Visitor: 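Handing you this structure, nothing more for now.
When reading the values below, keep in mind they use all heavy atoms of this one structure, side chains included, and skip hydrogens, waters and symmetry mates. Given the structure is predicted, the values throughout are model-derived calculations rather than measurements. Atoms within each ligand, like the ligands themselves, are counted from 1 in listed order.
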Amino acid sequence: MALPESEMRRAVNAVPAALFRKVMSRFATGVTVVTADVDGEVFGMTANAFMAGSLTPPLCVVSIARGAKMHARLADSQKFGVSFLSEQQAPLAQHFAGRAFAPVEPVFRRLGEVSVIAGSVGVVAADIVSTSECGDHTIFVGHIAQLAVEEHAPLLFYGGRYAALDREQRLEQLGPQSFW
Ligand code: FAD
């Protein structure tokens, strides 16, 4: 449910946007491209607001700005693909954020009933099972229909910049680190 206008204003006053962005950018993430197939055409959008939602049933979650074209496309398709980008695919992250620096030619492949980006670290195909208003974004919950992995180094996002995993910093002395 969207916040009432008065509460939205109070929230805005309490948390300066610059501070919000600065703090949220300190949460390191991967970088994905969310895809939707509409009337035989595929559309992509860069997103880092992705997470695994549930193991049983297998659910995942993406948060999409209500003002993004992808928002209406997801409502139309009722399905989405998520491609976790590799280090080599940083130009695609910029491209699908509408910030292309140089021309890139994305290559799509099919995963079940959706299109995903070829050469990604991991890909997911999901059917939208619920949505939830989240201020100026909507959270889309997808029931995972298909998944696949490829062995590439992942692309990361931290402090508003793209980054790569430092292989020296795996903190192996902490012991078992498998949570799934
Ligand atoms: P458009 O602006 O139309 O699409 C984006 C670009 O992709 C355009 O240049 C378009 O030409 C190109 N494109 C689309 N489909 C194809 C295709 N089939 N072939 C070739 N090119 C194509 N926003 C969120 O809402 N949620 C997030 O979690 C989020 N995370 C982000 C993380 C990062 C690291 C960055 C850089 C941006 C993030 N954004 C996020 C912002 C979002 O990516 C941009 O606002 C984006 O431009 C919105 O796209 P759109 O759906 O409005 O579509």
Visitor: Check whether any N or O atom of Q94, backbone or side chain, sits under 3.5 Å from an N or O atom of ligand 1, and answer yes or no.
Guide: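 No; every N/O pair is 3.5 Å or more apart.
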
Visitor: Can you sort out which atoms of ligand 1 are near I64, meaning under 4.0 Å from one of its heavy atoms?
Guide: 25 (O)

Visitor: What is the distance from atom NZ of K69 to atom CD1 of I64, rounded to the nearest 0.5 Å?
Guide: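 That separation rounds to 14.0 Å.
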
Visitor: Please list, in number order, the atoms of ligand 1 under 4.0 Å from a heavy atom of F43.
Guide: 15 (N)

Visitor: Among all protein non-hydrogen atoms, which one is nearest to atom 49 (O) of ligand 1, and what is the separation to 0.1 Å?
Guide: M45 CG, 3.3 Å

Visitor: Closer than 4.0 Å to some heavy atom of A49 - which atoms of ligand 1 meet that?
Guide: 28 (O)

Visitor: What protein heavy atom sits nearest atom 30 (N) of ligand 1, and how far away is it?
Guide: N48 N, 3.0 Å

Visitor: So which atom in S83 and which in V116 form the shortest heavy-atom distance, rounded to 0.1 Å?
Guide: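 Residues S83 and V116, closest heavy atoms: OG-CB, 3.4 Å.
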
Visitor: Suppose we measure from atom 18 (N) of ligand 1 to each protein heavy atom; which comes out shortest, and what is that distance?
Guide: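 So the nearest neighbour among protein heavy atoms is V42 O, 2.7 Å.
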
Visitor: Which protein non-hydrogen atom lies closest to atom 39 (N) of ligand 1, naming both residue and atom, and how far is it?
Guide: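 Here the nearest protein heavy atom works out to T46 O, 3.4 Å.
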
Visitor: I need the nearest protein heavy-atom contact for atom 22 (C) of ligand 1: residue, atom name and distance, please.
Guide: F96 CE2, 3.5 Å

Visitor: Just by modelled atom types, is the G119 backbone N or O under 3.5 Å from a matching donor or acceptor in the R109 side chain?
Guide: no

Visitor: Does an N or O anywhere in P106 fall below 3.5 Å from an N or O of ligand 1?
Guide: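 In fact, backbone or side chain, P106 has no N or O that close.
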
Visitor: With no hydrogens and no angle check, is any side-chain donor or acceptor of R73 less than 3.5 Å from a backbone partner on D76?
Guide: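 No: the side chain of R73 does not pair with the backbone of D76.
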
Visitor: With a 3.5 Å distance limit and no angle check, can you tell me whether S54 reaches the backbone of P57 through a side-chain donor-acceptor pair?
Guide: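 Pair found, side chain donor or acceptor close to backbone of P57.
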
Visitor: Going by the angle between their ring planes, with limits at 30° and 60°, are F140 and H71 parallel, tilted or perpendicular?
Guide: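 Geometry flag for H71 against F140: perpendicular rings.
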
Visitor: Tell me whether R99 has any N or O atom under 3.5 angstrom from an N or O of ligand 1.
Guide: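 N/O-N/O distance under 3.5 Å: no.
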
Visitor: Tell me whether L165 is reachable from V121 by hopping between hydrophobic residues (I, L, V, M, F, W, Y) whose side-chain heavy atoms are closer than 4.5 Å.
Guide: no

Visitor: Does F157, backbone or side chain, put an N or O under 3.5 Å from an N or O of ligand 1?
Guide: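 No: no nitrogen or oxygen of F157 is under 3.5 Å from one in ligand 1.
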
Visitor: Can you tell me which residue and heavy atom of the protein come closest to atom 25 (O) of ligand 1, and the distance to 0.1 Å?
Guide: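 Sorting protein heavy atoms by distance from atom 25 (O) of ligand 1 puts A65 N, 2.8 Å first.
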
Visitor: Taking the ring of F50 and the ring of F84, is the distance between their centroids below 6.0 Å?
Guide: yes

Visitor: Could you check whether atom 10 (C) of ligand 1 has a protein contact, counting only heavy atoms that fall below 4.0 angstrom?
Guide: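 Protein heavy atoms within 4.0 Å of atom 10 (C) of ligand 1 - there are none.
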
Visitor: So is K69 polar-close to ligand 1, meaning N/O to N/O under 3.5 Å?
Guide: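 Yes; the residue has a nitrogen or oxygen that sits under 3.5 Å from a nitrogen or oxygen of the ligand.
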
Visitor: Examine ligand 1 and decide if any of its atoms is less than 4.0 Å from a heavy atom belonging to H137.
Guide: yes

Visitor: Could you label the plane-to-plane angle of the F96 and F108 rings as parallel, tilted or perpendicular, counting under 30° as parallel and over 60° as perpendicular?
Guide: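 Rings of F96 and F108: perpendicular, over 60°.
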
Visitor: Looking only at protein heavy atoms, which one is nearest to atom 45 (O) of ligand 1, and what is the separation?
Guide: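 I find the closest protein heavy atom is A97 O, 4.8 Å.
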
Visitor: How does F50 reach ligand 1, by side chain, by backbone, by both or by neither, if only non-hydrogen atoms under 4.0 Å count?
Guide: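 Contact part for F50 vs ligand 1: neither.
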
Visitor: Using modelled atom types only, decide if a donor and an acceptor are shared between the side chain of S77 and the backbone of K79 within a distance under 3.5 Å.
Guide: yes

Visitor: Enumerate the atoms of ligand 1 whose separation from the nearest heavy atom of S63 is less than 4.0 angstrom.
Guide: 24 (C), 25 (O), 26 (N), 27 (C), 28 (O)

Visitor: Counting only heavy atoms not in E150 (residues, nucleotides, ligands), do more than 12 fall under 6.0 Å from its CD?
Guide: yes

Visitor: Is a side-chain N or O of N48 found less than 3.5 angstrom from the main chain of F157, in a donor-acceptor match?
Guide: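 Not a single qualifying donor-acceptor pair exists.
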
Visitor: With respect to G44, determine whether any N or O atom, backbone or side chain, lies less than 3.5 Å from an N or O atom of ligand 1.
Guide: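 Indeed, backbone or side chain, G44 has an N or O that close.
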
Visitor: Looking only at protein heavy atoms, identify the closest one to atom 6 (C) of ligand 1 and say how far it is in Å.
Guide: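 The closest one turns out to be H95 O, 3.3 Å.
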
Visitor: Give the atom numbers and elements of ligand 1 that come within less than 4.0 Å of a heavy atom of Y162.
Guide: 36 (C)

Visitor: I117 and Q89: side chain to side chain contact (heavy atoms under 4.5 Å, CB included), yes or no, with the steps?
Guide: CA-CA 10 Å; I117 298 193; Q89 293 174 317; 3.8 Å; yes

